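Quick notes on the structure that follows.
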Amino acid sequence: MRTAEAVTINISFTVNGSPYTIDIEPYKTVLEVLRDDLRLTGTKQGCEDGNCGACTIIMNGKAVKCCSILIGQARDAKILTIEGLEGEDGLHPLQQAFIDHFAIQCGFCTPGMIMMAKAVLDENPHATEEDIREAMHGNLCRCTGYVKIIEAVEAARDHILAGR
Ligand code: FES
Ligand code: FES
């Protein structure tokens, strides 16, 4: 009697500068692979339906909600998660600003917020408050009321601009 074998694909990608080549079931999402297979649990699992933004990462330079992306779509991708943001000099300015401006309460939305904010500032270093609010409208927070989060992103923007 034959037993059913799990179908897998072989796929390579880079996460936070480290190369990975894995055999993985093709129905898994990037979120599941990051959290369950690579144990990078900083990326949060919220709605799993593309609506809350808790799973936001940067893939090939763009912010994406990785609960809605199958791992096969990440072939040869360059992925950045919250774990890869801290540099040799310490916390990224966005991480520090979220602390300094009390933009974190339960923290569940925070990694996704910060990754989205990084993508916004990478694309437009001079993003206005309105630009930031517009770009981050798909990232939901049930705790803060958003005011401190926007303040933190603006503070990080100013810090980054001052260092140029
Ligand atoms: Fe991906 Fe909510 S967990 S958008
Ligand atoms: Fe709790 Fe945003 S700080 S969901």
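Every heavy atom of this structure was used, including side-chain atoms; hydrogens, water molecules and symmetry mates were not. For ligands, and for the atoms within them, numbers begin at 1 and follow the listed sequence. All figures in this text were calculated on a predicted structure; none of them were measured in a lab.
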* Has the side chain of D49 got a donor or acceptor atom that lies under 3.5 Å from a matching backbone atom of N51? -> no
* Under 3.5 Å: donor-acceptor pair, side chain of R75, backbone of F13 -> no
* Below 2.8 Å, any N, O or S contact between C52 and atom 2 (Fe) of ligand 1? ->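 C52 does place an N, O or S atom closer than 2.8 Å to atom 2 (Fe) of ligand 1.
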* Taking both backbone and side-chain atoms into account, decide whether C47 has an N/O/S atom under 2.8 Å from atom 2 (Fe) of ligand 1. => yes
* Report yes or no: does C106 have an N/O/S atom closer than 2.8 Å to atom 1 (Fe) of ligand 2? =>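 An N, O or S atom of C106 is closer than 2.8 Å to atom 1 (Fe) of ligand 2, so yes.
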* Asked: From atom 1 (Fe) of ligand 2 out to just under 2.8 Å, does an N/O/S atom of C143 turn up?
  -> yes
Against heavy atoms of [X], which atoms of ligand 1 measure under 4.0 Å?
{"X": "G46", "value": "3 (S)"}
{"X": "E48", "value": "2 (Fe), 3 (S)"}
{"X": "G50", "value": "4 (S)"}
{"X": "C55", "value": "1 (Fe), 3 (S), 4 (S)"}
{"X": "N51", "value": "4 (S)"}

* **Heavy-atom side-chain contact between Y20 and T14 under 4.5 Å** =>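 No. Closest side-chain heavy atoms not under 4.5 Å.
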Short list, please: which atoms of ligand 2 are under 4.0 Å from a heavy atom of [X]?
{"X": "R142", "result": "4 (S)"}
{"X": "C141", "result": "2 (Fe), 3 (S), 4 (S)"}
{"X": "G107", "result": "1 (Fe), 3 (S)"}

* Asked: When you check the side-chain N and O atoms of N16 and T81, is any donor under 3.5 Å from an acceptor?
  -> yes
Rounded distance (nearest 0.5 Å) linking atom [atom1] of [X] with atom [atom2] of [Y]:
{"X": "I104", "Y": "T144", "atom1": "CD1", "atom2": "OG1", "result": "10.0 Å"}
{"X": "M113", "Y": "F98", "atom1": "CE", "atom2": "CZ", "result": "7.0 Å"}
{"X": "E32", "Y": "T29", "atom1": "CD", "atom2": "OG1", "result": "3.5 Å"}

* Check T56 against ligand 1 and report side chain, backbone, both or neither, counting heavy atoms closer than 4.0 Å. => neither
* Asked: Do the charged groups of R133 and E130 touch, with an N to O distance under 4.0 Å?
  ->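 Salt bridge: no.
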* Asked: So, are K28 and D36 salt-bridged, with charged N and O less than 4.0 Å apart?
  -> no
* Structure fact -> Filtering M113, K148, Q105 for the heavy atom nearest atom 3 (S) of ligand 2 leaves Q105
* Asked: Is atom 1 (Fe) of ligand 1 less than 2.8 Å from an N/O/S atom of C66, whether that atom is in the backbone or a side chain?
  -> no
* To do: Scan I71, T43, L70, V15 and name whichever one has a side chain to side chain contact (heavy atoms under 4.5 Å, CB included) with V30.
  =>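 Among I71, T43, L70, V15, the one that satisfies the side chain to side chain contact (heavy atoms under 4.5 Å, CB included) with V30 is I71.
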